[in-house]
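Structure first, then comments.
Numbering of ligands and ligand atoms starts at 1, following listing order. Being a predicted model, the structure only gives us computed values, none of them experimental.
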Amino acid sequence: MDQASIDALRAEVIGPQGHLIGGQVVPASDGGLMETTSPIDGRVLTTLAKGTGADVARAVAGAREAFEDGCWSRQPPAARKKVLLKWAELIEAEALALAVMGVRENGTEISMAYKAEAGSAAATIRYYAEAIDKQYGEIAPTADSVLGLVHREPVGVVGAIVPWNFPLMIGAWKLAPALAAGNSVVLKPAETASLTLLRIAALALEAGLPPGVLNVVTGEGPVVGEAMGLSMGIDVLAFTGSGATGRRLLEYAARSNLKRCYLELGGKSPNVVFADAPDLALAAKVSAAGIFRNAGQVCVAASRLLVEESIHDDFVAALVAAAEAFRVGDPLSLETQIGAVHSERQLAQNLHFVDEAEAEGAQRLTGGGRILTDTGGTYMAPTVMAGVAPDTRLAQNEVFGPVLAVTPFRTEGEAVRLANGTDYGLSSGVWTRDLSRAHRMIRAVRAGVVHVNTYGGSDLTVPLGGVGQSGNGSDKSLHALAKYENLKTAWIQL
Ligand code: ADP
């Protein structure tokens, strides 16, 4: 990846996009269109099909037909693996073009998007492709007179609804295990980050995925997403997004066919720094990256810093220095460390959180404002708010922006109480050189992930999922396959 290649791609014209249904690119049933805009400069990139309930019904019917005819679902796992490996190869061959296209639409800094988007999607598809022909059923330890077999079967039609921050990475976390297990899929990208998912779906066809097995319906959440939630033909819904939408999906499921819903709903992740952390300078840098990269638009962002009182002032000063040293700007420049805030709406929300926190008594140590206004894009300076009281809105709610809430603590017990003092439970961090304390904290912190002496950067081998109102069910690792499979028992009298 070099700047010249990025610059050659950044102005490429992107034509109008349709849905991908039954292997065909099709317009919305009523011809509706919606624009997608770049947060880099506020300009319109292209138009997308603005999906309808009828589009969802058509995609679900096609997905069901493909599932029933067995062209994918009843292929030997080794045959599915072959197609998926080819798909990963095609994605990798276009990695830079995909990364640039995605950044133009969502504003993530290219240095991160290149690895975290196309690269990670290809790796995820490979991981589940390689896993699927190594997974066995079971023979139950029954009495001698019977044989109990446990089969794993694909569930049928999987609906995937994904957000805009890492469309390819999060999309692949759902598509790859669902497809590897033999399901058909209907995917709804976020209205503001659809282009790269449409492109990789086209590449799947090229790789040999039979038409109808993977369908993409673009459009608005309350229309396309709702129709998927209420669909009688979707068996499992896999979602990443806000808690408010997650709640709606559970309601839709209750009102329709009781489809299983897996929800990944973000967090307010505590990052706990004890005075005995092995390297406080490193801890400050990594903690800053843990909240500020991708402008804080990361579900596992380390958005609450809990720091032991005895080191509070020095540590926070180091962190502020790290925050101020980040280069914020054009997401397509390799120099940039923090790209754009995704939208005007998101930026307004971020700024409101800062104002509110100040009104509630927190001190703004750096940032807090919109910057680079002459670009026409949406940018915000990394923001550190100190003295954030645990019961205030900034301490309790996900901002999804570059805003860090700092709160001091005196004892390990107080650190645990603060860490667990929100409705969320997605990610967390603990910095200490005391091995026993690290293990006590791993047990005590209520979260899907506890990082020790680092933050972020896990790989596919481990699950990622939340507890509490951060959701249920995990993406990544072999455990994710179970979400897209049913167990079937055969009880055979001998
Ligand atoms: P965010 O605030 O991060 O955009 P959302 O939950 O609104 O989070 O969006 C995540 C995904 O959920 C997007 O694909 C969006 O279109 C979809 N979505 C939004 N509202 C609904 C809804 N009412 N029903 C189903 N999906 C929805």
* **Under 3.5 Å side-chain donor-acceptor pair for E105 and T36** => yes
* In this structure, which one of I291, V403, V298, N271 forms a side-chain contact (heavy atoms from CB on, under 4.5 Å) with S303? -> I291
* Asked: Of the listed options (T245, L265, T192), which comes nearest to atom 7 (O) of ligand 1 when hydrogens are ignored and any heavy atom counts?
  -> T245
* Donor on one side chain, acceptor on other, N486 and R260, under 3.5 Å -> yes
* Asked: Is there any N or O on Y252 that sits under 3.5 Å from an N or O of ligand 1?
  -> yes
* Asked: Touching ligand 1 at all, F400? Heavy atoms, strictly under 4.0 Å?
  -> no
* N106 versus H342, side-chain donor and acceptor atoms under 3.5 Å -> no
* To do: State whether the shortest distance between N or O atoms of T240 and N or O atoms of ligand 1 falls below 3.5 angstrom.
  => no
* Classify the contact between V162 and ligand 1 as side chain, backbone, both or neither, using a heavy-atom distance cut-off of under 4.0 Å. => backbone
* Going through the checks in order, is the side chain to side chain donor-acceptor pair (under 3.5 Å) test met by D30 and T52? -> CA-CA 8 Å; D30 62 1; T52 63; 5.5 Å; no
* Would you find a donor on one side and an acceptor on the other, under 3.5 Å apart, between the side chain of N183 and the backbone of V155? -> yes
* To do: Would you check if the distance from the ring center of Y128 to the ring center of W173 is below 6.0 Å?
  => no
* Can you list the atoms of ligand 1 that are under 4.0 Å from a heavy atom of I161? -> 11 (C), 12 (O), 14 (O), 17 (C)
* Asked: Counting only heavy atoms, which portion of A244 has something under 4.0 Å from ligand 1: side chain, backbone, both, or neither?
  -> neither
* To do: Could you tell me which atoms of ligand 1, counted from 1 in the order shown, lie closer than 4.0 angstrom to a heavy atom of P189?
  => 14 (O)
* To do: Answer yes if the side chains of E324 and T366 hold a donor-acceptor pair under 3.5 Å, and no otherwise.
  => yes
* Shortest protein heavy-atom distance from atom 12 (O) of ligand 1, along with the residue and atom involved -> F239 CE1, 3.3 Å
* To do: Considering the heavy atoms of E191, write down every atom of ligand 1 situated less than 4.0 Å from one of them.
  => 13 (C), 15 (C), 16 (O)
* To do: Can you establish whether the number of heavy atoms outside E356 located under 6.0 Å from its atom CD is more than 12?
  => yes
* Asked: Is atom 9 (O) of ligand 1 close to the protein, meaning a heavy atom under 4.0 Å from it?
  -> no
* **Numbering as shown, the atoms of ligand 1 that approach S242 to under 4.0 Å (heavy-atom distance)** => 5 (P), 6 (O), 7 (O), 8 (O)
* To do: May I ask you to list the atoms of ligand 1 that are less than 4.0 angstrom from any heavy atom of W164?
  => 3 (O), 4 (O)
* Determine whether any heavy atom of G219 lies closer than 4.0 Å to an atom of ligand 1. => no
* Asked: Does at least one non-hydrogen atom of G229 fall below 4.0 angstrom from an atom of ligand 1?
  -> no
* To do: Check whether NZ of the Lys or CZ of the Arg K483 lies under 6.0 Å from the centre of the six-membered ring of Y262 and within 45 degrees of that ring's axis.
  => yes
* Select the closest option to atom 19 (C) of ligand 1 among S343, A227, G221, judged by heavy-atom distance. => G221
